Structures are given as C-alpha cells and as structure tokens.
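Down below is the structure, laid out as structure tokens.
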2 protein chains.
Amino acid sequence: MTSEVVRRPAAAVAVAADPATTIERVGVLLRARGERMTRARRAVLTVLVGDGAHLGAEEVVGRVAALDAGVHRATVYRTLDALADLGVVQHVHVRRTGTAYHLAHGGREHLHAECRRCGVVQDLPPDLLDGVASAVLDRDGFTVEPTHVALSGLCAACVTVDPPGGPAR
Amino acid sequence: MTSEVVRRPAAAVAVAADPATTIERVGVLLRARGERMTRARRAVLTVLVGDGAHLGAEEVVGRVAALDAGVHRATVYRTLDALADLGVVQHVHVRRTGTAYHLAHGGREHLHAECRRCGVVQDLPPDLLDGVASAVLDRDGFTVEPTHVALSGLCAACVTVDPPGGPAR
DNA sequence: GTTGTTGCAAATTGTTTGCACTGGT
DNA sequence: ACCAGTGCAAACAATTTGCAACAAC
C-alpha cells in the first residue's frame, strides 16, 4: 500500500527519447527514495514511454502482459500508483476508461477533455483554466487542479450525431 | 434499461416549494410520456426534494430505504436514470461518491468543484466556464458541457493540510 | 540479509442486467 | 388488460488488500 504520508514528488524527470534511458533515470529516482526498480516497473514504464497517449489502467495491464507475461494486474495498479507518487506519471480521471495514465513530461502539464459519446480524450493547453482557477480561488478559497479531471462534452464528430441538451451520460 | 434512443428532456420542471406538488408535476410529465408515477419514484423524488445538496446514488439508496423499506437499490438507480432522462434530475460525476444527483432547478444549472481530500462538493456559478467552453469549441470543435463533471482540487480547509503539488488522488 | 515488491486470491465499491412478477393507468 | 416498472439475485468493471514468497539493494 502507498504510504499515508503525502510525499512531495521528486523533481520532474526529463523524459529521454530513449526508453532505456528514461527507465534508468527513473531507477535513480526510485533508489534515491529507498525504493526499487523491478521487472514490473520496467514493463510499465516501457509501455508508457512507448505510447504517448492516455492509457486506461486496464489498457496498461494488457500491454504489460504482452510484454512480460508474469506481471500481475494488481502490481500494475500499485506500480502506476508508485510512479505517480514519484511524479513520473500523471493520471486523469475520465469516465470511460476509469483513470488514464501518461508520463509526466516535465514542464507544465496539459489538460484534458473527454467525449462522453466516443470516449476520445483530447489534449488542451495547460493554461486554459488559469483564469477560472484564480476566479474560484478568490470566490471560495478553492484551489482548482485543472489537470486532475477531464472536462466533459462532445467531440466535433459526435456533436453532429447527438447534439447537446439531451440527458448527459 | 433506458432506451437507446436519445430523448429530448421535457420542459424543465419548475420545482415547487411543496414536495407533494413537485411530485405531482413530475407525475404529469411522466404520464405525458406514457411512463408512470410509482412508489419508488415518489420516494426518490421525496429524498431529492428534501435535500438540496448533491447526494451520491448510494446515499439516495439509503435515504429511500429509510423512507420506504421495500424499494430496491437497483430500482433507485433505474429511477435516477429515468428522472435524469426526463430532465428532472441532474447528475455530476464526482470521484468520491461516484455520481451525485440533485433536482434540476429549471434555469441554468450551476457547476461543481469537488475537494479531492474531503470530498466536499462546492457549487460554482453557471457561467464560470463560458469563456473556456467557447475557446475550446473554436480550437477543436469540442463542445464542453460544464455541468457534467466536477472540477477537482482542494477546498479552503484542506489546502492548508495538504498543499497542492503533491500527487493527486 | 533486509525490506521493498510481487503474485495470487479474495474482498470492495459502484452500478447494471435478465427475468418473472406486480401494479399503474 | 396491458405493459411500464419492480424486486431479486447474479453479473460486472475497476480497484484494493492481506499475506506469504521473492528479489533488489
């Protein structure tokens, strides 16, 4: 289980072009915390490095299995958690896939919007909600974390099929 | 099961101050569609009228049970669905409670923000994301539906305990 | 040799579904 | 009487957890 104590993420990893290098760097970060680089973690990282998109946890499980059959589903979840805690992966809550994971690319993270019909996750510019966030902070003292949930709506393709106003999913 | 066909919501119900009146009005809307007002639906409506806040589905199940012991959990889910389809109830996806329901109050709906630590759901002004929505529509043709998911972050109380920057939940 | 990690199986949580029966209209 | 709606039990999906065995360091 991940510790109850909130740990500050390590300095963001500069993701290298080369998977092996990225993994090695993450290994260093892990050891610096007294944690370890294992086969399972290597597999998960390989999957995430190999696909820039947003993968659902179960999707990661699948690809990891294809890569290293011995890795258990529960381990993937724990690994994803550990890497998120490290600051190396980032997750977004989306309805369709549950939770989507991707490598943190160092700088400011982009935001997401999910189509409630087809499930596509669209990337949005990092600063999109800056105005909203400071407005809400002023109003209510609530600190919005824009990367953490995907905005919901209809993508360009789906909006023609199922125009808004109908009952939301 | 709710029909695969997307039905346009009926004209928004003006929620009356009196629960009985509200229920009666919903009954009319239902019958107009060839649907029915049943004990279960009455119970669910009573619960929603009685609490202006955002109740998780399971929370509604609990209160309905206290009101009318015979109503089954699955029926509450189906009822919530039916009433959402009618346009009488509105739901928001929140992480903590799963999905939160509340009566649609006719006019423009407010938005929501959820604290990722304590789970509080905060109401936000309906127009908060108007600018963002039109920006995204211009950029990507993506139609944001702002009421559909809660923004995530830390409420005023929790932000002091667990400052942002740490791994998101 | 520690002790962080894993594999497995089983438990949870939130929600849905098939089906025969009941109750609104 | 008809058929929408219900109760029930079981199926589901996405996670999580306890624990003994294992493997990085």
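Below, chains carry the letters A, B, ... as their sequence lines are ordered, and counting in each starts from 1. The analysis underlying the following values was restricted to heavy atoms, covering all of them including side chains, and did not include hydrogens, waters or symmetry mates. Predicted, not measured: the structure shown is a model, and the values here were computed from it.
- With sequence neighbours excluded, no residue forms a side chain to side chain donor-acceptor pair (under 3.5 Å) with Arg36(A).
- For the pair His93(A) NE2 and dG14(C) C1', the computed distance is 15 Å after rounding to whole Å.
- Interface residues of residues 62-77 of chain A facing DNA chain D, ordered by number: Arg73(A), Ala74(A), Tyr77(A); criterion, heavy-atom separation under 4.0 Å.
- When the C1' atom of dA4(D) is taken as reference, atom CG of Leu30(B) falls 11 Å away, rounded to whole Å.
- Aromatic ring pairs are classed by plane angle as parallel below 30°, tilted from 30° to 60° and perpendicular above 60°; the pair His110(B) and His105(B) is tilted.
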task = Scan nucleotides 20-25 of chain D nucleotide by nucleotide, 5' to 3', and note B when protein non-hydrogen atoms come under 4.0 Å of the base, S if they reach only the sugar-phosphate, - if neither.
result = ---BBS
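- Remark: Val149(A) engages His93(A), Ser152(B) in a side-chain contact (heavy atoms from CB on, under 4.5 Å) (not counting sequence neighbours).
- Partners of Arg31(B) under the side chain to side chain donor-acceptor pair (under 3.5 Å) rule, at least two apart in sequence or in another chain, do not exist in this structure.
- In this structure, Gly56(B) reaches neither bases nor backbone, as no heavy-atom distance under 4.0 Å exists between it and the strands shown.
- If you check distances only, the side chain of Arg33(A) never reaches the base of dG4(C) with a donor-acceptor pair under 3.5 Å.
- Distance, Asp81(B) CG to dG14(C) C1': 14 Å, rounded to whole Å.
- In this structure, the side-chain contact (heavy atoms from CB on, under 4.5 Å) partners of Gln90(A), at least two apart in sequence or on a different chain, are His102(A), Ala104(A), Glu109(A), Thr147(A).
- Results of the side-chain contact (heavy atoms from CB on, under 4.5 Å) test with Met37(B) over Glu35(B), Arg41(B), Arg39(B) single out Arg41(B) as the only residue that passes.
- The same ILVMFWY cluster, assembled from side-chain heavy atoms under 4.5 Å apart, contains both Val64(B) and Leu83(B).
- Remark: C1' of dT16(D) and CD of Glu58(A) are 13 Å apart, rounded to the nearest angstrom.
- The distance between atom OH of Tyr101(A) and atom P of dA14(D), rounded to the nearest whole Å, is 12 Å.
- The OG1 atom of Thr99(B) sits 9.0 Å away from the CG atom of Leu80(B) when rounded to the nearest 0.5 Å.
- Atom CZ in Arg41(B) sits about 12 Å away from atom C1' in dG23(C), given to the nearest Å.
- Put simply, the side chain of Val76(B) does not reach to within 4.5 Å of the side chain of Arg73(B), judged on heavy atoms.
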